[in-house]
Amino acid sequence: GCGANGNGANDANKAGVTGGMLTILTSATEMDLDPAKSQGLPITSNGNIFRRLTAWKITEGGETKVVPDLATTTGEPSDDGRTWTYTLKDGVKFEDGTPITSKDIKYGLERSFADSLTGGLSYHKTLLEGAQDYHGPFDGEELDSIETPDDKTIVFHLNAPFGDWPWVASLAGFTPVPQGKGPASGYGKKPVSSGPYRIESNEAGKQTVLVRNENWDKKTDSVRTAGPDKIVFKMSQDSSVAAQSIMQGTGEGRNAFSASTVPAAQLAQAQANPSYKKLLTTSSSGALSYLAINTEHVKNLKIRQAIEYAIDKKAYQTASGGTIAGDIASTLITPGIAGHVDYNLYEADPTGDVDKAKQLIKESGEAAPTLKLIATSDQAELASSIQTSLKRAGITVNIQTLNSDVYSDASTNDKGDYDLVISGWQPDFPSPYANISPLFDSTQIGNGNYNQARYNNPKVDALIKKATETINQTEAGKIWAETDKTIMADAPVVPLLYSKNTFIHGSNVTDFIIGQFPAYPDYTQVKLASKN
Amino acid sequence: MSEPRAIVTVDGLSVSFDDREVTHGVSLKLYPGRITALVGESGSGKSVTAMALPRLDPSVATVRGHAYLDATAGDAAGSAGAAGSTGAAVDAGDSAAVDVTASDRAAAADRGDTRHDDIDLLAADAPLQRIRGEYIGTVFQEPSTAFNPVFTLGMQVAESLKYHQKGLTAAQRKQKVLAQLREVGLDDAERVWSSYPHQLSGGQLQRVMIAMAIINRPKVLIADEPTTALDVTTQKAILTLIARLAKELDLAVLLITHDMGVVWQAAQDMYVMHDGVIVEQGSVDRVFRNPADDYTRMLLAAVPRLRVVEHVAERVAERDSGEEGSGDARDAGDDGGARDAGGELSVLGDAKRIAVVQDVSVSYKSGTFAVEHISFDLAVGRTRALVGESGAGKTTIAKVISGQLAPTLGSVLIEGQDLAKAHGRRKRGILSHMGYVFQDSGSALNPRKTVAWSIAEPMSVQGGFSEAERRARVLELLDQVELPADVADRFPHQLSGGQRQRVGIARALSLNPSLLIADEPTSSLDVTVQRRVLDLLRRLQQEHGFACLFITHDLGIVQEVSDVITVLRHGRIVESGATDRVLNDPQAEYTRTLLDASPKIDL
Amino acid sequence: MRILAYIGKRVASSVLVILLITLALFLIFFLLPTNPAQLSCGKPCTPEQLSRVSAFMGTDQPWYVQMWNYVAGIFAGRTFGSGGGAVVCSAPCLGYSFRLNESVSQLIADRFPVTASIAVGAAVLWLIIGVATGVWAALKRDTLVDRTLLGLSVVGVSAPSYLIGLLAVIAFALSAQIFPSGGYVNFSDDPVGWLYHLILPWLVLAVLSAAGYTRVTRTQMIGELSQDYIRTARSKGVPESVIVFKHALRNAMLPVMTMFGLDLGGLLGGAVLTEKVFSMQGLGALLLDSVTNLDLQVLVGATLFAAVLVIVANLIVDICYSLLDPRVAIGTRR
Amino acid sequence: MKDATATATAQPVKPSAKPAGGRSGSGRSGSGRSKAGREAEKTRSRSPFLRPSILVGGGIVLLFVLLAVFAGPLSAITGNDPYAEHPETLGDTSAPVGFGGGISASHWFGVTPLRGVDLFSIVAYGARISLGIGLFSSIISLVIGVTLGLVAGYFPGLIDSLISRTMDVFFGFPFLIFAIALSAVVPTSFPRPLLLTLVLGFFGWPGIARLVRGQTLTLSQRNFAVASRVMGASPAHVLWHQILPNLMPLLIVNVTLSIPGRIGAEAGLSFLGVGMNPPTPSWGRSISDAVQWALVDPAYLLFPGGALFLLTFGFNLLGDGLSDAIDPRKGVRA
Ligand SMILES: Nc1ncnc2c1ncn2[C@@H]1O[C@H](COP(=O)(O)OP(=O)(O)OP(=O)(O)O)[C@@H](O)[C@H]1O
Ligand SMILES: Nc1ncnc2c1ncn2[C@@H]1O[C@H](COP(=O)(O)OP(=O)(O)OP(=O)(O)O)[C@@H](O)[C@H]1O
Ligand SMILES: [Mg+2]
Ligand SMILES: [Mg+2]
């Protein structure tokens, strides 16, 4: 549901009408919709075009659940949890009317192994048996760990038990691609749709237009509501400008929402004006904002703990735009995800405990360090805030702001040439696995992976493995909670905020729902209140 | 009508800039078919006076007084013009300098019989566009800048017609322009029509400008120093053309010049201006023979005169009939015998040879030779004049001698050393024997350096002089060139042209050179100033005894300064010999042409 | 014929210049502490996957090999990967963007109309505004008009275009909603929409850039009007308007053209800012994206294209110059 | 649009109007005219440098110089510095409370949103960066440009072509892209202001070199340079004593006019996110931060934006005035 500030918008969230044209303003400059390359959430742009084996059921204020989509169940595991079997529903079709078969799903997955089609979410690539040596279907090779005994059935053989497989099966890679139809390049411009909308046009830098897919059958789909007749993605929209034009509400602004979160300035502006405030929808606590400490550089635990105490999380919150930007965090697993337990190993006032920090530095036997902090240029204010709070404990911070992609490279490459990095993590699916493993598993250091603290603790690796392989989700939850605390004891990161995302939508937009996870609106349910 | 009627009557014309009056009540008259010269030193107000008539004076100028144009004169006055041009000179007073008030009165009287259709050129409502071009044509001094560089000449001449003879079609205009171009002596009119200004020579451009000025058959032609930028032969042709047109078209010509030779040769009447006032007026003959005003006398005395033995022409004719066609061919030869025949050896004697130019040829990148087979030498205490038309190669030779250019063939020895083969210190050593005076010392002095710095520069370049030594030498040199010591710390723009030229000479002398090269050192100066500079050079040569190469195109000067003459044409020596001999008994056809074209004043 | 020979010579030297630029780009980007393949590796990324992607994209080669492959690709085309999954980029291959799944030539072809629309429209406008005000100021020299125009031109030159652009967007698009806040529509799709989207960037760029032209034109006009040939024209009785607009202006335009050529080249560099301010997806945005995304092939390709445009613009200006000014023999460097 | 390279070349050199060869100019009228000039100078006895544009422009520049030099003490009057946060000045939404973005006795220009940093201190300290980078990068460009320009202009042939080609490379290069790329390559330990100074300096020289080369070509043919050579002076002597002094006025004007372009370029880079690193105060970064606050907290944009504009304006005015005062052609009336 909506956070405290978003409640005003609720009366607009009455069930809307079917029909009309919805506009989505996005800062993206192009939409490459090739499912093999997509890292997108199943509930955003992709969700309206593609169906997968499973889908996410988002309810207002409720927990996000994995539900069957093309398949009849969320997956039948074998006893050892290494084999998962799915059966397809009857009457599911591509946009051209041909029925979707298990072979199409297999082909779609196989495509994601081609060297030219990398870049998507690749959880399945590490899990499927024999995937390391597989180079895609274009030379006639098949991946034997995916079996399709008949057109309705698909069986996956994993190299280890994996309890979260139903979530993995909801990701873009599991989108059916008509066999032999998705070429090695260029498919992303106009892929074949299996969802309620098909692509009418897709012009880089300008717009992508979705219209109804007449071959989508509402009866087979339990999550998508397919309200508008037409959905237009307007590209390269500056997020401030987009928020501004939605507030003004003239022209398309009334029937639009912005895919970006509302920038701090517009947030302040909208909060100050009741009629604008109605248009805001704030998520509950979502992604974790944290300060990663490079444990390979800052080896001394006492120093890391000093940093935990020294940070003024309150100031950080203010610099992020105030309470609407998120709640102050102390754990790794965020609220809304199974396994979250509230605790604080470094109990202190939100503004930090400078004396404790100073004392820890003294105990460490080292001088207060000088540290290099990297951040994106958008995070300059946040970086300055951290610089200021650490200064209080005598720790000097040098800031390097980088362009977002240079930043993501610098913060995830093999070199690890930084001491501190401001980062945030939104799991790809709502499981503690997706929350903890990418950030703290020692296999996730470098190579573009997100263990930015470069944290390497065999004990934690073992705990992660154990939790992952536990198919019973309640059991698993306990192990994850233990893992959380174990990691925090080593202080590789400072949890800063459970950040909240605030989105803005036009006054004629309804069913603008943000579930407990993820902190993004569910595009597949958005409707217009009236047809124009 | 006993006395011809003036077509333009200027009465009490005063021009001022920012409340500073530069001409004071000038009055003058122009008559159809007659050329009236306006002379005076630079800055005396000649141009502003003349340009005020078609109101081409600078826009910041304030003009007072009257100038009447008799708009009907041209139509009725064919005979009057003819009478004017043949009849007696119009002299305000045969004997005395003009009393300004008297002339005022005369003008007032004249105005008494102005007809109602006389146009007051200076009135605020004067029909400027008709006056310019239709009544008054104008020819300017510098043909190379007087044309718009980006339009064809044909277009620019035709433009004259376009706004005055509106009925013409483009084709008719072209026909008229071509005819006019031919009339002023441009035979390949078609080519001129489609040429751009930079594609023609100065002489050709000046003819085009004259064509442009007279194509609408104006009644008056104002020519502001129309020949200063041209060499003597072209100058003569242009003056002849203007004289011819004045007669044929019954034009009243106002000819501004500073060259007394030109006045003598071309004009019938003259006015002498000094400091914005007409100090003397009368027929050319009367003023030259019997100048009444002191200033006029001084002006005439300063003119370097080419005095040629009376019967040169006859003698030449006699000899030519005897030795057909031998002239040029023989003189182009380069053996000593030929030169000796010119009497060079007798003049140079066994004076020490400072520079020896041996069969030098120079080609610029284009491949053709700018000068070919040049040989001569320069001796202590003697001056050699190098004369020839523009582009003949005079400067090129000076450059070779001064080491700016290496000869393509041949060699130059300075005090026995070959300059082209020397570099660095040795080259500087050789150059220290040499001084160089430029035509326009204004441009040869760095505007951002003091006079003292410039004079001392050769010493700095050579090195080995202390600050104090340099300063002392500068003061000494300034004294020698008769400049006050306080000039030392001034900048070039704070000096007059004559003073700058003296500074240039002082600098050339700073290392006590044994050779002085002077490339047209006085051609940018007023006659009176020129006179003083020439005197100075002569005195300095007597004192220091340097050899001198003097480049000029003014034969009058040559006669005064040089011991030997080398005549150059198209990069070759056509004649070389003792000054008196060459001027009085020219051997080469070309030398004769030059002599013939030089304006001579033979009273 | 002489023009052809001249163009040939210029093209030859331009090829050299372009090669040098390519070299510089590769050198710089080889220094980048990043592997572009990493961005295409996926999430999570294993070392095996990374090396597979690097090999496919060719980024595992030394920089000179990469450069050679790139240059060779321009003439011979190139193929990434092998077998059925290979991506073919046919000659002239200016590179291939794996991020955008598009050959760079295609990207440029898509983006160039946007940049060209902004640039050409703005350039025409500012030339007209700048020259007209410059002439006006010169004619009204030292009057109130002149001083006002000069003052305004200093203001115009001093105002950072991106700041004014942003303010204009805020004022006219967000607050007053007279113009759209950005974006671009194709001329062929909707000519009116095209114009409507371009007016604001045109006006902002034109008004600010015109300021420089006002100043230069004014100075040149004053200079030309004091030339001797103007007096000659007057002496013929040519009307003052013809003197100003035909004789003086034609000459005054010559240096203005030189400046125009340089500025046209600079426009492309400036497009980075303009397109960011007005949210347009032209070459500038493509370049900026390619830098921030380390899309080396796009960066090199688009930069080369921009360099070629600069050179062509200057060549055209030089040719026009020699047509306008008969004194300048073609090929004479100024 | 305007970047450093474009601005540095804003003064086109008029090609020589005189055809080569032949007799150059008329000496007589030359002396007459300069005499006129002399007299004109006498009547205009006030110094040409005491014109309003120079006084006002110089005044503005001086004001900012003082602001930069005394940034510390001035900020300290109210007990502020550009780093301290004042959360108490912010409201719930992290926007400043009170008139004009929280203008008060202790915060003259108000405070920034989100962190509540004193804006006056940011503007004052930011002046140091802007002025420093503008000035020093100009000096670097000047040294490189003058040296290469003199050499290229004085030694025609191979050396000239080499230098000219290099200039072409620089002109054809999208400078912003390069700067963005560089900012990614250079390690943090390298001080940012120095980096920006070097980048702007290094890219700004071709404009100056072009100007100097053109002038050197003409000046080295002038008689005073010829005169030096006739005395046997070395190229170094001629370049240093004869040519350079005559270039001085032009260079002073050019540098004055190029500084604002550089200040703008620094701000533009910061706007694109690759300029100064926080927390170093920088106008450009403040402007880019402030733009999205423009409707909520206009004062945040007004002060740094106004400062940038005013300083640029001051330099342009000063440069204009200097060039008017120095250029005799502008002083002669038609
Ligand atoms: N535009 C001007 N502004 C101020 N003074 C001027 C201007 N033009 C000419 N003068 C002054 O008017 C006086 C007369 O100048 P004018 O040009 O008529 O001389 P001139 O006799 O033609 O000389 P020259 O032989 O050098 O051509 C001079 O003192 C000159 O300084
Ligand atoms: N730098 C050069 N490059 C090519 N040709 C040149 C150059 N300088 C002079 N010339 C040519 O060489 C010939 C001789 O020129 P020079 O300057 O010596 O003539 P001049 O007798 O001094 O003429 P003037 O009386 O006009 O000064 C001319 O045809 C000229 O065009
Ligand atoms: Mg005159
Ligand atoms: Mg000469």
Region of A/D34 that comes under 4.5 Å of a non-hydrogen atom in chain C: neither
Partner residues of A/K125 under the salt bridge (charged side-chain N to carboxylate O under 4.0 Å, His left out) criterion, sequence neighbours left out: none
Any side-chain heavy-atom pair of A/S122 and C/Q49 under 4.5 Å: yes
Option that, when pairs with chain C are counted at under 4.5 Å, heavy atom only, ranks first among A/K234, A/M235, A/H135: A/H135
Rounded distance (nearest 0.5 Å) linking atom OG of A/S236 with atom CZ of C/F278: 14.5 Å
Portion of A/Y450 that has a non-hydrogen atom of chain C nearer than 4.5 angstrom: side chain
Close approach to chain A in residues 53-60 of chain C, criterion heavy atom under 4.5 Å: C/V53, C/F56
Rounded distance (nearest 0.5 Å) linking atom CG of C/L166 with atom CG of A/D238: 8.5 Å
Evaluation steps, side chain to side chain contact (heavy atoms under 4.5 Å, CB included), between A/K189 and C/E102: CA-CA 10 Å; A/K189 265 220 140 23; C/E102 194 79 84; 3.7 Å; yes
Pick from C/L107, C/T46, C/L50 with the largest number of heavy-atom pairs that fall under 4.5 Å of chain A: C/L50
By salt bridge (charged side-chain N to carboxylate O under 4.0 Å, His left out) - contacts of C/R111 (at least two apart): none
C/R52 side chain vs A/Q132 backbone, donor-acceptor pair below 3.5 Å: yes
Chain C contact via A/S112 - side chain, backbone, both or neither, heavy atoms under 4.5 Å: neither
Contacting region of A/K37 [heavy-atom separation from chain C under 4.5 Å]: side chain
Interface moiety of A/A243 toward chain C, non-hydrogen atoms closer than 4.5 Å: neither
Residue among A/T443, A/V241, A/T126 with most heavy-atom pairs under 4.5 Å to chain C: A/V241
Distance, nearest 0.5 Å, that separates CG of C/D189 from NZ of A/K206: 7.0 Å
Pairwise salt bridge (charged side-chain N to carboxylate O under 4.0 Å, His left out) hits with a residue in residues 114-123 of chain C, at least two apart: none
Residue part contacting chain C, namely of A/Q207, when any heavy atom lies under 4.5 Å: neither
Atom pair CG (A/D32) and CZ (C/F98), whose distance is rounded to the nearest 0.5 Å: 13.0 Å
Residues, nucleotides or ligands: over 12 heavy atoms within 6.0 Å of C/Y196 OH: yes
Contact leader toward chain C among A/Y407, A/Y187, A/F138, where contacts are heavy-atom pairs under 4.5 Å: A/F138
Residues, nucleotides or ligands: over 12 heavy atoms within 6.0 Å of A/Y134 OH: yes
Residue among A/S116, A/A114, A/G186 with most heavy-atom pairs under 4.5 Å to chain C: A/S116
Option that, when pairs with chain A are counted at under 4.5 Å, heavy atom only, ranks first among C/L286, C/V88, C/N186: C/N186
